[in-house]
Amino acid sequence: MNRIQLLAAAAALTCASSAFADIKNVDIYGVVAFGLMSTENKLGKRTDEVLNESRIGFRGSKDLGKFPGTKFIWQLETGFLGPNGLSAKTYESGTLGTRDTWAGLEGNFGKLRIGRLLTPYGETLDWPFANGGVNPLVEATSVPGGGSYVRVSDQLRWDSPKFGDFTVSASFGRGDRNAEKDNDFIQRKSRSASIVGHYSIAGATLHAGYEYNRGRSAANGDMEQVGSHSSNWLLAAQSPTFNGFSLYGAWLRGASDVKESFKAGDVTYTPGDYDRDTWQLALQWANADWVLKASHARNDDLDGPVTDKGGHISAVQALYIVDPSLVVFGRYVKASNPATTAGWWNKSRVLLGLEYAF
């Protein structure tokens, strides 16, 4: 190595050392989560499987000296491992960037982020209202051609600072690609807008939200031509805790405008306006080591040119805190729906699992 090469190498090492020394507030975090699940259908046939929802992420922040009080914030996160360690769904591939992965700014204006993240509507439902086993109904599509998103890419989201006891979050997302694996928007030229407000009072929390989606469902084929769109409303509340007991529940309404007939399963839905109400209620008791929860959710009958009966899901869960970072739990879920046998419906499930957070 000649003198010029030695000087270049020394300069490169000096720059690299300076760059690493300037890294601030970077955290490595994640969850090790496994479960054993047994599913039995109404005919008594049982299927057993191992669940692996482990994931890892990196997040950090950097004060921006030229803009006092403002930080650059970022996060990179893997999805969990689906069946056989790989699935067609992006968030089940274990690939870095397939779960909450974004960049943004934080300051007196709140948080402004862009990338792949939860919608305000989906985030509010996800915890605690869908947790405990009723998520297949609470977070599912309840009307033909409709439904809400939980997490999508190509999204811009703003979370406000606190205005007294009130906060609000809003997001807008769009999908210009034709494959779900690209960004989790179902159709090309999909659109999604979501806003939710949260108000805390006397130990209770109230939530109200709305989400509008264009091209949410793939059932209609090319949504650009069909022109189907849907709306989702949300009212929810979490009670204060009394002697370890707390109560929470949600009312949801899904509505869609179907422009052309399409078939889903054995049912053909004709053009027109559809809507359906969904209800969720849960009672929880917690002490230092145990958390017991009973949850119930149900769909009302579908209202529209074509009707069907609504289903319901009941779930009970017992969780034991082995350590502040490690919990083990058992869960029983039973789902019934006279209109369909698809997915979770008309099946019962027993799940034993563990989660270790780091």
Side-chain angles (χ1 to χ4, degrees), residues 117-144 146-152 157 159-160 165-171 192-213 216 230-242 245-256 274-286 291-303 309-317 319 331-337 343-345 349:
L117 62 163
L118 293 162
T119 68
Y121 191 95
E123 183 179 48
T124 303
L125 283 183
D126 185 61
W127 189 274
F129 305 102
N131 176 260
V134 298
N135 56 304
L137 192 153
V138 175
E139 295 178 342
T141 299
S142 63
V143 291
S148 63
Y149 284 107
V150 177
R151 176 183 287 107
V152 285
R157 172 169 166 164
D159 298 277
S160 77
D165 294 321
F166 177 77
T167 59
V168 62
S169 299
S171 72
S192 178
S194 176
I195 184 169
V196 180
H198 315 275
Y199 181 67
S200 299
I201 179 172
T205 306
L206 309 178
H207 313 270
Y210 174 75
E211 182 179 277
Y212 171 84
N213 294 310
R216 171 63 181 86
S230 64
S231 297
N232 302 284
W233 291 267
L234 161 68
L235 290 176
Q238 300 165 251
S239 77
T241 299
F242 300 100
F245 287 94
S246 59
L247 186 70
Y248 52 88
W251 165 81
L252 316 171
R253 167 162 287 188
S256 63
Y274 293 84
D275 64 76
R276 190 198 307 263
D277 290 339
T278 298
W279 307 84
Q280 179 274 335
L281 185 66
L283 175 65
Q284 179 174 287
W285 174 80
V291 179
L292 306 180
K293 180 183 294 185
S295 306
H296 183 76
R298 69 176 177 87
N299 275 338
D300 285 349
D301 295 348
L302 179 66
D303 184 19
K309 297 290 185 181
H312 60 88
I313 296 179
S314 298
V316 290
Q317 176 175 284
L319 182 148
R331 180 186 301 164
Y332 174 76
V333 182
K334 185 174 180 60
S336 302
N337 189 331
W344 279 67
W345 292 118
R349 280 180 163 83

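These numbers come from the heavy atoms of this one structure, side chains and all, not from hydrogens, waters or symmetry mates.
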> Give the C-alpha distance, both sets of side-chain angles, the deciding distance and a yes or no for side-chain contact (heavy atoms from CB on, under 4.5 Å) between Val152 and Thr119.
CA-CA 7 Å; Val152 285; Thr119 68; 4.2 Å; yes
> side-chain contact (heavy atoms from CB on, under 4.5 Å) between Gln238 and His207: does it pass, once the steps are laid out?
CA-CA 9 Å; Gln238 300 165 251; His207 313 270; 2.7 Å; yes
> Considering non-hydrogen atoms only, spot the tightest contact between Ser295 and Ala282 and give its length.
OG-CB, 3.6 Å
> To check you understand the geometry: which heavy-atom pair defines the closest contact between Pro120 and Arg157, and what is its length?
N-NH1, 3.6 Å
> CH2 of Trp127 to CG of Asn135: how many Å apart, nearest 0.5 Å?
11.5 Å
> Check whether any side-chain N or O of Ser194 sits under 3.5 Å from a backbone N or O of Ser171 as a donor-acceptor pair, and report yes or no.
no
> Locate the shortest heavy-atom distance separating Leu137 from Gly311; write the atom from each residue and the value.
CD1-O, 3.7 Å
> Within a strict 4.5 Å, meaning less than it, do heavy atoms of the Lys293 and Asn131 side chains meet?
yes
> Which pair of non-hydrogen atoms, one from Leu234 and one from Ala236, has the smallest distance, and what is that distance?
CD1-CB, 3.9 Å
> Rounded to the nearest 0.5 Å, how far does CD of Gln284 lie from OG of Ser246?
4.5 Å
> Please report the interatomic distance CG(Leu302) to CG(Asp277), rounded to the nearest 0.5 Å.
11.0 Å
> Pair Glu211, Asn213 - check side-chain contact (heavy atoms from CB on, under 4.5 Å), show working.
CA-CA 7 Å; Glu211 182 179 277; Asn213 294 310; 2.8 Å; yes
> At what distance, to the nearest 0.5 angstrom, does OH of Tyr199 lie from CZ of Phe166?
10.0 Å
> Mind listing the closest non-hydrogen atom pair of Asn232 and Gly254 along with its distance?
OD1-CA, 3.8 Å
> Parallel under 30°, tilted from 30 to 60°, perpendicular over 60°: which one fits the rings of Tyr248 and Phe129?
perpendicular
> Do NZ/NE/NH1/NH2 and the carboxylate oxygens of Asp300 and Arg276 come within less than 4.0 Å?
no
> Test side-chain contact (heavy atoms from CB on, under 4.5 Å) on Glu123 and Val196 and set out the steps.
CA-CA 10 Å; Glu123 183 179 48; Val196 180; over 6 Å; no
> Would you say Thr278's side chain and Leu252's backbone share a donor-acceptor pair under 3.5 angstrom?
no
> Report the distance from atom NE2 of His312 to atom CH2 of Trp345, rounding to the nearest 0.5 Å.
8.5 Å
> Is a side-chain N or O of Ser256 found less than 3.5 angstrom from the main chain of Gly146, in a donor-acceptor match?
no
> To the nearest 0.5 Å, tell me how far Arg349 CZ sits from Tyr332 OH.
11.5 Å
> Indicate the ring-plane relationship of Trp233 and Tyr210, choosing parallel, tilted or perpendicular according to the 30° and 60° boundaries.
tilted
> What's the shortest heavy-atom distance between Ile313 and Ala335, and which atoms?
CG1-CB, 3.6 Å
